[in-house]
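In what follows, chains are A, B, ... by sequence order, proteins preceding strands, each numbered from 1.
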Amino acid sequence: METIADFEVQYSQFLNPEGKPSSDIPELAKEPDALIGLYRAMTETRVFDTKAVNLQRTGKLGTYASSLGHEAAHVGIAAAMREDDVLAPSYRETGTMLYRGVRMEELLLYWGGDERGSDFADVKNDFPYCVPIATQCLHAAGAAMAFQLRGESRCAVSLNGDGGTSEGAFYEAMNVAGARNLPVIFIVINNKWAISLPIEEQTATKTLAQKAVAAGIPGIQVDGNDVIAVRHWVERALARARKGEGACLIETVTYRLSDHTTADDASRYRKKEDVEAAWKVEPLIRIRKYLTELGIWDEEKEKALLEDAADKVDIAVQKYLNTPKPPVESMFDYMYKELPEFLEEQREHAIRYADKNGGEHG
Amino acid sequence: METIADFEVQYSQFLNPEGKPSSDIPELAKEPDALIGLYRAMTETRVFDTKAVNLQRTGKLGTYASSLGHEAAHVGIAAAMREDDVLAPSYRETGTMLYRGVRMEELLLYWGGDERGSDFADVKNDFPYCVPIATQCLHAAGAAMAFQLRGESRCAVSLNGDGGTSEGAFYEAMNVAGARNLPVIFIVINNKWAISLPIEEQTATKTLAQKAVAAGIPGIQVDGNDVIAVRHWVERALARARKGEGACLIETVTYRLSDHTTADDASRYRKKEDVEAAWKVEPLIRIRKYLTELGIWDEEKEKALLEDAADKVDIAVQKYLNTPKPPVESMFDYMYKELPEFLEEQREHAIRYADKNGGEHG
Amino acid sequence: MAEVTLIDAVTMAMAWELEHDPMVVILGEDVGVNGGVFRATAGLQKRFGVDRVQDTPLAEGMIAGISIGMATQGMRPIAEIQFMGFIYPTVDQMINHAGRIRNRTRGRLTCPMVLRAPFGGGIHAPEHHSESTEALFAHMPGIRVVIPSSPARAYGLLLAAIRDPDPVVFLEPKRIYRLNKQEVEDNGKALPLDVCYILREGTDVTLVTWGAMIFETIKAVDQLARNGVSCEVIDLATISPIDYETILESVEKTGRLVIVHEAARSCGVGAEIAAIVAEKGMYDLKGPIRRVTGYDVVMPLFRREMDYLPSVSKIVDAIGAAMHD
Amino acid sequence: MAEVTLIDAVTMAMAWELEHDPMVVILGEDVGVNGGVFRATAGLQKRFGVDRVQDTPLAEGMIAGISIGMATQGMRPIAEIQFMGFIYPTVDQMINHAGRIRNRTRGRLTCPMVLRAPFGGGIHAPEHHSESTEALFAHMPGIRVVIPSSPARAYGLLLAAIRDPDPVVFLEPKRIYRLNKQEVEDNGKALPLDVCYILREGTDVTLVTWGAMIFETIKAVDQLARNGVSCEVIDLATISPIDYETILESVEKTGRLVIVHEAARSCGVGAEIAAIVAEKGMYDLKGPIRRVTGYDVVMPLFRREMDYLPSVSKIVDAIGAAMHD
Ligand SMILES: Cc1ncc(C[n+]2csc(CCOP(=O)(O)OP(=O)(O)O)c2C)c(N)n1
Ligand SMILES: Cc1ncc(C[n+]2csc(CCOP(=O)(O)OP(=O)(O)O)c2C)c(N)n1
Ligand SMILES: [Mg+2]
Ligand SMILES: [Mg+2]
C-alpha cells in the first residue's frame, strides 16, 4: 500500500461569537468603512426579512423563504464579488441579491407571485432565485465557460444549501469546473438543515467542503456567521479564479434560525435548545460588537441605521403593494421572442376570461 | 486556519507486470487452486470476447463492447462476491457476469438483439447489462437498502467506468450509501478512456478513488490488471460491508485495449504507442507468469485451457446461432404482469404484420 | 367510518399497506419526523419506525433509482417526490429502468414501486410548485399513471397502485387535498386500476377530466343542468393506460366530447383521448371535440395562476359551444 | 454545389455558423477529436479549435445545464446528446430552465441554445439506442422541437435553430443520416421554423409524418398512386409548435388524415395532430383519423425492431382503410 494522494480541509474564522478576533485578522477587517458597509447591509437584510415574513403572515405575500441567520454569508459573498461577475443564487439568498443591487420591491414582487420580480432593473446578468435545487450550479459553470471562452475577466458564483449537495447536479458542476478550469466559485451555505433533514442525515461527510476533493478543486470551510471570513475567502477564491487558477468550493457554516419557509413549522422536527444555541452565535451581534470595540459604532448609529433600513423597506413595500397585477397576456408574451401563431388563439382566450375566474376554484 | 479533516488515497498492487510480488502478498495468492481458477476465468473471458468481436465482424452479432484488458478487474470482482450478493454491471463487464454464472449464450443473445439474453437462467437477482451510464449505481444502492431493511447478510456491487464518474447518479448513489451506511461497493473500472475522452479531460482529480471523500466513505485505488489485488480488496470491502460498516469505493486502474465498441475506431483519437505500452502491463501475462513461477502452470496446461475455453465458447455460439427470433408478440408480453386491454389490439396488429417488414425500411 | 380528506385517505392507504405488507417502505424528502411537506406521511414514521418510513438525502433521481433497486429485489417502495416540479430528475430512471426492467429481463426482475407526487396549481404556491406534467409519464411504456379525485378513490387507487406488480406514478391533486371530506372505510379494499369512473350519467355531452379539475367540471355541469343540458362526467382516474372503452361508449351515447385538464394543451393527455375518439368514435360525434386546458405557457406565478387554469366559465362555454354544433 | 447526406448537411450547417457567429460553440461527448459517434462534428474541432468545439465530461444534465448558463450570458451553444436514450437527464434543465428563463425574467435573460440528438430505430443499435421520445419535449412550453427529413431541410432547419432566439431541441433521424444524397448549397440560408413542408400534393388523403418515417410514407404513397390514390404528404418538420394551419388546409381538401410516426402511440405527437383536426377540422373529415405508429412498448432489441416500426405495408393498409371509410 502506497499513499498516492492526500487532502486536507481547513477551517477559518476571524471573529468569534463574542466579536473578538480569533486569528490573524485580514486587511479588510481594518477598514472601518468597509466593515460598516457590511454591517449595514446585513442589518438591512434582516429588516427586510422580518418585514417579508410579516407581509406573508398578514396575507400580503406568498410563501417566503427567510434569510434569518444567513446575513453574514449572504452579504460577505456579495461584497467580495465584482459588479460584472454573475450570481446564481438559490431561493434564499436575499441578502446577496440585495447587496448586488436587486431592488427590494423586485424581491417582494417575486414572492408575491409576479414574474416581474425577476426582471431586475439594475442587475442585468444575474440569475433570478432558483427553486429546483442545485440546478443553478450548472448555470454558474456555464456562465463561467462563457467568460472563459470570451477571455473576459469575470467570474460566476453559485450558491446552494447543504441539502443541495446531495443532488447530482452539484457534483456534475464541480467536476466540469475542475476539468475545464472554469472561473466559478461554488458556495454551500450550510445552515445545518434541509427542511427537516439535519446535515448529519444528509451525508456521511464530516464537512461539506471536502466534497471538492471529488472534483479535484480546493475546498475550505468558513465560519458563515463571520462576515469578515466569508468576504475574505470569497475574495481570495475570486482572485484565484480570475487569474485562471480555476474553481473552488467554499462551505459557509451557519444556521437557519427561521422555519424553512413561512409554510413550514420547524418546531415539529427540531429542538428549541438547538435554535437558542444558534442564536448565541448569530452573525449580526459579533460584527456589531467588533465595530463597537473598535470605537466606530454606537447606540446612536445603530438607531439611525435601523430607522433608515425601516424607511427603505417601507418604501419598497409600498411600491410592491401598489403594483397592479401583471396583465393576463403577459403569461404568453415572454414565452418566445415572437409569439408563435398557435398561441394567439390561446392568448385571446385568456384575455377573454381574464379576472372572471377569481373564487371559482376549489 | 485550522485543519479539520484529512484524507489519504492508497494504492495497492501485489503482482507487478512481470508477475513478481510487489508487496506482501495476501493469503489468497498462496492458494494454487484459487489462483488457477481466476486465471481460467480470465482466459475464458478473453476467448469469449475474441469470438464475440469476430461474430460482430462477420455480421452475426450486433455492436459489442469488448472486455479486452479488463479481465483481472472483471474476474477479481466476481470471485470476491458471494453467490447471493447482487451485481449491477455496466455494458462491459462480461467477465464478471460470466464468473457469476451468466451463460455465454445469454450474453450473445443480448448483443445479438434478443431480450432473452437478460433472462439469466442461473443468476436470478443480478441486474442485466446497463447501458445508461451510472444509472446502475443507484440500483445497487437500492438493492443494498433492501438487504439492510430485511436484515440479510448480502451486499450489492455496482460497476461503472471512469466516464461514469462524471454523472450525477454516481455521486448521488455514493452519498446515500454513505449517509445510510448501506452494504454496497462501488467499483470504478478506470480503463483511462470514455470512448474518446481520456481520463485527464474527464476530471481534474488525481485519482478516481478520492471521489469517495465526497460521500464520506473510504476509497482505494487498486491495480486493475492485478487480479489478486482486485479480488483481495473487493473481498475486504464486502466483508466490511457485511459487518455493517458500510459502503466504499474501489478504483481499479486498467486500460481499454480494444476499441470502445465494435462501432468505434479508437485509432482516430489515441496513439498506437499508448496502446502498445498498455499491452505490456495487461492482466493475463502477469498472473500466468506468477503461476508458472510457482510451478503450478505450464505450456501444456495452457494449451488445454485454451482448447477447453474454445470448446465452451463454440458450444455457446452454436446455441446462440440456433436460437430462433423471439416471437413478435414478446415485445408486448413482458411490458406488464398482465397485458392491459388497450395493448391487445396493438399486439394483434404486430402479429398480423410480423416478418412482413424485413427489408422495407430505409 | 371516518370522514376524511383526500390527503387523509392517502395516509390511511399507506398505513394499511405498511401494516399488512412487510415489504412496503416509504421513502422521500421530509417524509419522516416531519410527515411530508403536505403531511401525507404524518405519524407514519412514529408508528412504523425509521426503517419503514425513511427520510432520504435530497436527490429525486436517487430516490427513483434506489426505489427501482429495492423493487427489483422484492421490496415495494412508495417514494414521495415533494412537488411535481421536482420530479424531472426521476425521468431518466423511470423511462429507462422502471418501465423497462420487466420487459428487458423477460420478467426475471420486476419493479413494483409507486412514485407519489402532489401536482397542479391553484394553491398560491411559489415558482415551480404548481406543475401538471402527467403527459410526460403517460407517454412512457410500462408506467402506469394514476390520479385520484376524491378521498375514496385516493384510498382505493393508492392501495391498488401499491399492490400493482408494476411501477405506478401516483399524482395527487394537491389543490383538493383538504377540499372536502368523505366517508372512507379503512378496510384495505383497493379499487380497480385501468378503468374510468363515471361520476355523473348524462346524455348530451361527455366530459372527461381528472384530478382537481373534477370540481370545476362538476360545477359547470351543475350550472348547465339548470338549462337542461345533461352531461356525463368521466373521471379518467388511470391516465395511462387509458380505459378508452368507457369513453367511447359514453361518446356513442352523447355524441359530444369535451376534455378538461389543467396541464398545458399541446401533447397533453387530452390529445390522446381526442385522438382515440377521432379514430374509433368518429361516426358517433355530432361535432368537434373540445379541450379546455391550461395554456401552452409556463404556469404563471400565483397572481395570474387562476387565469391559466380551466375555470367553470371556460368549461361552461365550451360545453355550450359543443351543444350548438 | 455538393451532393451531401443528411449528416453532412448537419455538419455543414454547424460549420457555417461557427464561421459566421463567434458566439456559437459546440459541446458534447466525443464531439472533438472523435468528431461525434455519428461523425456529425467531424473535422470541426480541427478547423475551429478546442474552444469552439469542446468535448465535455460525461453527463447529459451537465451538458444541458452549462448550455443554459452559457446561452443566458450571450453564447449560442449547440450541445450534442449522443443518443436520444441518454437525453433524459436533460429533461429537468430543459423544462425547468431552458423553456422558462425568458418568461421567468420577462425577457431579461434568454436561452438561444440547440440541443441536438440522433433518434429513432432501425439501425440494429444496442439497447437504449433507438428511442423516439420527441413528444416529451413537445409538451414543454417554451421549447421548440425540430426534426429534419432530408439533407436540404437538415441544413436549413439547423441554421434556423441555431439562430433562433429561443431553445430548440433538434432531433436527427439517424436511420437516414446516410440514406441518400441531395444537392445542398452551402450558402447559410436558413429555412423557416414553425411551418410544415408539403412533400407531395394530393387530393384523397393527407399524410402527416416526420423524420425517417417520411421514407416509408413516400414508398407507401407511391405504391398507392399506382392504384389511383392521390396522397398529400406533409413533413411536420417543426414538431412543436405545430403548424396546424397547413394540416387543416390539407384535410379540408382531402377529408382524410393518416398520421405516421415511429414513437410509441399513446400521448405521442400524433395524438396532438389528431386532436387539433378533431377540434378544428372535424367537419372536413370523411372518416376516422388513423395513426400508424410504434407500439406502446419498449423499443425491442434489434431482432424485432422492424416489427415495432411502422412499415410500408402498415401504412398502405391504413391509407387503404381510410379510403374505404
Ligand atoms: C430539486 C428540488 N427538490 C426538492 C425541493 C423542495 N425543497 C425546497 S427547499 C428544500 C430543502 C433545501 O435544503 P438546503 O439545500 O439545505 O437549503 P436551505 O433551504 O437550507 O437553504 C427542499 C427539499 C426543491 N426546491 N428542489
Ligand atoms: C447516460 C449515457 N450517456 C452516454 C452514453 C454513450 N456512451 C456509451 S459508453 C460511453 C463512454 C463510457 O465511458 P466509461 O464510463 O469510462 O466506460 P467504458 O466504456 O470505458 O467502460 C458513452 C459516452 C451512455 N451509454 N449513457
Ligand atoms: Mg440547508
Ligand atoms: Mg472508461
What residue in [options] has the most heavy-atom pairs under 4.5 Å with chain D?
{"options": "B:P327, B:G117, B:A169", "answer": "B:P327"}
{"options": "B:S330, B:P132, B:A194, B:G62", "answer": "B:P132"}
{"options": "B:G112, B:G164, B:A134, B:G163", "answer": "B:G112"}

Best-contacting candidate, [options], against chain B by heavy atom pairs under 4.5 angstrom:
{"options": "D:N180, D:I123, D:V33, D:D30", "value": "D:D30"}
{"options": "D:A212, D:A125, D:P57", "value": "D:P57"}
{"options": "D:H124, D:E29, D:E60, D:M299", "value": "D:E60"}

Any side-chain heavy-atom pair from [X] and [Y] closer than 4.5 angstrom?
{"X": "B:Y110", "Y": "D:P126", "value": "no"}
{"X": "B:Y334", "Y": "D:V298", "value": "no"}
{"X": "B:I195", "Y": "D:Q82", "value": "yes"}
{"X": "D:Q54", "Y": "B:E201", "value": "no"}
{"X": "D:M62", "Y": "B:S166", "value": "no"}

Q: Evaluate the criterion side-chain contact (heavy atoms from CB on, under 4.5 Å) for residue pair D:F86 and B:V131; output intermediate values, then yes/no.
A: CA-CA 9 Å; D:F86 314 132; B:V131 169; 3.6 Å; yes

Q | Engaged part of D:R178 at the chain B interface, taking heavy atoms whose separation is under 4.5 Å | A |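 It is neither, since no heavy atom gets under 4.5 Å.
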
Q: Could you tell me which portion of D:S266 (side chain, backbone, both or neither) has an atom closer than 4.5 angstrom to a non-hydrogen atom of chain B?
A: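 Looking at D:S266, just its side chain touches chain B.
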
Q: Could you please spell out the steps behind the side-chain contact (heavy atoms from CB on, under 4.5 Å) verdict for D:L301 and B:D114?
A: CA-CA 6 Å; D:L301 291 189; B:D114 188 331; 5.6 Å; no

**Q.** Side-chain donor-acceptor pair present, D:D317, B:Y353, cut-off under 3.5 Å
**A.**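 Yes, a side-chain donor-acceptor pair sits under 3.5 Å.
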
**Q.** Modelled atom types, side-chain donor and acceptor of D:E127 and B:Y91, under 3.5 Å
**A.**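 The criterion, which ignores hydrogens and geometry beyond distance, is not satisfied for B:Y91 and D:E127.
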
Given that the side chain runs from C-beta out, which part of [X] has a heavy atom under 4.5 Å from chain D: side chain, backbone, both or neither?
{"X": "B:L343", "answer": "side chain"}
{"X": "B:P324", "answer": "backbone"}
{"X": "B:M335", "answer": "side chain"}
{"X": "B:L109", "answer": "side chain"}

Output the distance between atom [atom1] ([X]) and atom [atom2] ([Y]), rounded to the nearest 0.5 Å.
{"X": "B:T135", "Y": "D:H128", "atom1": "OG1", "atom2": "NE2", "value": "7.0 Å"}
{"X": "B:Q202", "Y": "D:L58", "atom1": "CD", "atom2": "CG", "value": "5.5 Å"}
{"X": "B:L197", "Y": "D:T56", "atom1": "CG", "atom2": "OG1", "value": "7.5 Å"}

Q. Around B:K325, counting heavy atoms of other residues, nucleotides and ligands shown, do more than 12 lie under 6.0 Å from its NZ?
A.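 For B:K325, atom NZ is crowded (more than 12 foreign heavy atoms under 6.0 Å).
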
**Q.** Atom CD of B:E338: over 12 foreign heavy atoms under 6.0 Å
**A.**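 No, not enclosed.
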
**Q.** Name of the residue among B:R347, B:E345, B:H349 meeting side-chain hydrogen bond (donor to acceptor under 3.5 Å, both in side chains) with D:Y295
**A.**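 Of B:R347, B:E345, B:H349, side-chain hydrogen bond (donor to acceptor under 3.5 Å, both in side chains) with D:Y295 is met by B:H349 alone.
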
Q | Under 3.5 Å donor-acceptor, D:R304 side chain and B:P326 backbone | A |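 A pair under 3.5 Å: yes.
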
Q: Check for a donor-acceptor pair, side chain of B:E115 on one end and backbone N or O of D:P300 on the other, with a separation under 3.5 Å.
A: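 Here the side-chain-to-backbone pair does not exist.
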
Q) Can you name the closest pair of heavy atoms from B:A354 and D:D307 and give their distance? A)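 Of all heavy-atom pairs spanning B:A354 and D:D307, the closest is CA-OD1, 3.4 Å.
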
